[in-house]
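Below, each value reflects all heavy atoms present in this structure, side chains not excepted, and no hydrogens, waters or symmetry copies. Naming: A, B, ... by sequence-line order, numbering from 1 per chain.
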Amino acid sequence: MPELPEVQTVINGLQDTLKNGVITSIECNYPGTVIYDPELGDEPFPSAVKAYERRGKYIIIHLENAHSIIVHLRMTGKLVWSTVGEETSKHQRACILVGDHHKIPFIDPRTFGKITICLTANVGSYVTKLGAEPLSPEFTADYLLQKLSRKKSPIKTALLDQSTVAGLGNIYVCEILYRAKIRPDRDSAGIRLPKLREVVKHTKAVLAEALANNGTSISDFRRIDDKTGEFQNFLRVYQKKSCPLDHPIENLRIAGRSSFYCPVCQK
DNA sequence: CAATGATCCTGTCCGC
DNA sequence: TGCGGACAGGATCATT
């Protein structure tokens with residue numbers, strides 16, 4: 001499940017491999033995976049990469065010719081830097097062709113991932129309703145208090161909502177709430193400022209640690225060279241039987257999502 | 001307007 | 001060994 005650290009890891013990989021290379025075309029191998037904005041101007045390819053950007057879980061590749069490519073990996077998507085001629089995965093849903101000799105297949109068994117091609121000026125219309133970037137100075141306890149004070153949903157659900165904070169998914173929210181010692185089913189609005197400071201502190205810490213470890217590979221996530229990340233080795237509650245203090249972990253279903261937590265450590 | 005539930009989809013795992 | 005069913009879940013859409 002690619003979340004912020006995994007998405008950033010993919011972008012870091014693109015910066016090391018694709019760099020400012022020329023994208024010659026993007027082929028679509030599964031209906032609906034590649035979306036062309038109706039306002040698209042001229043033929044967007046070929047064009048060299050100008051810059052990379054991440055917003056929440058979106059990978060944004062800006063091209064020199066004022067077009068942009070927005071990639072969302074959803075649950076099982078991955079991009080793998082490859083050489084033309086390498087065999088094609090049966091789960092390849094699209095393919096970014098680079099120069100004359102390279103390709104970046106978009107492999108996504110569950111087919112939820114999307115690649116959108118649009119004018120750079122229109123990127124905002126696809127990357128909408130996103131809250132603050134959790135690693136930015138904008139993400140503070142005061143910011144969270146303002147976002148959560150009127151919410152009726154549990155804290156777990158509120159943190160998964162991309163309009164609260166952009167880039168968190170199920171794994172990291174479980175880990176953050178464990179570190180902040182908050183039960184996932186607690187009422188968002190009832191959490192006071194000192195606790196929210198803990199949430200903010202641990203959010204930034206967990207994401208930074210995961211980033212330093214190239215993300216979490218629970219199932220499908222892979223780096224651009226198809227290697228796994230390493231942060232799965234440091235998870236404390238997600239899919240665990242017991243927490244680091246040896247208390248049994250429970251799994252609560254909240255808003256249809258599994259929520260791993262320690263009933264002893266989290267109140 | 002906000003919260004909830006269904007939906008998309010396939011590989012994997014479990015029980016019988 | 002095989003089969004049916006539950007499960008995994010990010011974002012979007014429809015419904016309450």
Side-chain angles (χ1 to χ4, degrees), chain A residues 1-10 28-35 37 54-60 70-79 88-94 105-116 118 123-131 133-134 144 146-177 184-190 207 210 215-222 226 228-229 232 235 237-241 249-261:
Chain A
M1 295 126 259
E3 307 175 29
L4 188 152
E6 291 73 39
V7 172
Q8 187 62 52
T9 297
V10 172
C28 183
N29 310 115
Y30 182 89
T33 295
V34 179
I35 297 164
D37 185 302
R54 182 192 54 72
R55 266 299 271 142
K57 299 172 196 168
Y58 294 89
I59 298 164
I60 310 173
I70 305 169
V71 181
H72 201 299
L73 304 171
R74 291 290 185 103
M75 267 101 72
T76 57
K78 63 174 181 175
L79 295 170
T88 302
S89 158
K90 81 171 187 178
H91 298 304
Q92 178 176 313
R93 308 307 182 193
F106 181 60
I107 297 163
D108 182 20
R110 303 262 281 278
T111 74
F112 289 174
K114 295 280 180 276
I115 296 178
T116 303
C118 66
V123 166
S125 65
Y126 288 96
V127 183
T128 56
K129 292 178 280 187
L130 293 183
E133 283 292 328
L144 257 191
Q146 188 255 322
K147 282 280 182 185
L148 301 181
S149 58
R150 289 182 307 269
K151 285 225 185 263
K152 299 263 186 289
S153 55
I155 184 66
K156 168 82 189 313
T157 309
L159 290 177
L160 280 177
D161 184 343
Q162 300 300 294
S163 69
T164 304
V165 53
L168 303 183
N170 209 30
I171 297 173
Y172 292 110
V173 169
C174 288
E175 295 295 313
I176 290 162
L177 291 176
D185 55 353
R186 259 186 63 182
D187 184 12
S188 297
L207 294 178
T216 301
S217 293
I218 284 286
S219 55
D220 298 87
F221 171 69
R222 292 295 183 276
D226 216 24
T228 62
Q232 62 277 11
L235 297 175
V237 287
Y238 188 82
Q239 290 187 350
K240 297 292 177 191
K241 292 248 185 309
I249 292 298
E250 290 187 12
N251 186 356
L252 206 55
R253 238 178 147 68
I254 301 173
R257 298 289 177 260
S258 60
S259 308
F260 296 89
Y261 76 106

In this structure, which one of A:Thr9, A:Thr228, A:Thr216 forms a side chain to side chain contact (heavy atoms under 4.5 Å, CB included) with A:Phe221?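 Going through the options one by one, the only one that passes is A:Thr9.
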Consider side chain to side chain contact (heavy atoms under 4.5 Å, CB included). Of A:Glu250, A:Gln239, A:Lys241, which one does A:Phe260 pass it with?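 In the set A:Glu250, A:Gln239, A:Lys241, the residue that makes a side chain to side chain contact (heavy atoms under 4.5 Å, CB included) with A:Phe260 is A:Gln239.
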Atom pair distance, as rounded to whole Å: CG in A:Leu73 and P in B:dC8: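 Atom CG in A:Leu73 sits about 22 Å away from atom P in B:dC8.
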d(CD, A:Gln232; C1', C:dA8) in whole Å: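 These atoms are roughly 17 Å apart.
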I want to confirm an ordering. Mapping A:Ala255 and A:Tyr30 to their closest nucleotides on DNA chain B, which one lands closer to the 5' end?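 Result of the comparison: A:Ala255.
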Taking for each residue the nucleotide of DNA chain C bearing the nearest heavy atom, is the 5' side occupied by A:Phe112 or by A:Thr128?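 The residue closer to the strand's 5' end, by nearest nucleotide, is A:Phe112.
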For A:Tyr58 and for A:Tyr238, find the nucleotide of DNA chain C with the closest heavy atom, then tell me which residue's nucleotide is more 5'.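 It is A:Tyr238, whose closest nucleotide lies nearer the 5' terminus.
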Less than 4.0 angstrom between a side-chain N/O of [X] and OP1 or OP2 of [N], yes or no?
X        : N      : result
A:His91  : B:dG11 : yes
A:Lys151 : B:dA2  : no
A:Ser258 : C:dG9  : yes
A:Gln162 : C:dA11 : yes
A:Tyr172 : C:dG9  : no
A:Arg253 : B:dG5  : no
A:Lys57  : C:dA11 : yes

Could you check whether the side chain of A:Arg74 and the base of C:dG9 have a donor-acceptor pair of N or O atoms closer than 3.5 Å, going by distance alone?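 Result: no qualifying N/O pair found.
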Decide yes or no, distance alone: a donor-acceptor N/O pair under 3.5 angstrom between the base of C:dG10 and the side-chain of A:Arg257.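 Flag set: donor-acceptor pair detected.
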Out of C:dG9, C:dA8, C:dG10, whichever nucleotide has its closest atom nearest the side chain of A:Glu3: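 Nearest listed nucleotide: C:dG10.
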Kindly point out which of B:dG11, C:dG9, C:dA11 is positioned nearest to the side chain of A:Pro109?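 The answer is B:dG11, which lies nearest to the side chain.
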Tell me if a side-chain donor or acceptor on [X] pairs with a main-chain N or O of [Y] at a distance below 3.5 Å.
X        : Y        : value
A:Gln92  : A:Phe106 : no
A:Glu3   : A:Lys57  : no
A:Asn170 : A:Ser258 : yes
A:Asp187 : A:Pro154 : no

Does A:Tyr126 reach a base, just sugar-phosphate, or nothing at all? Heavy atoms under 4.0 Å.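 Since no nucleic acid heavy atom lies under 4.0 Å of A:Tyr126, the category is nothing.
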Minimum heavy-atom separation for A:Gly77 to A:Asp108, with atom names?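 Scanning both residues completely, I find the closest heavy atoms to be N-OD1, 3.3 Å.
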End-to-end axis angle, where each axis spans five pairs of the helix from B:dA2-C:dT16 to B:dC16-C:dG2, to 10°: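 End-to-end axis angle for the helix from B:dA2-C:dT16 to B:dC16-C:dG2: 50°, rounded to 10°.
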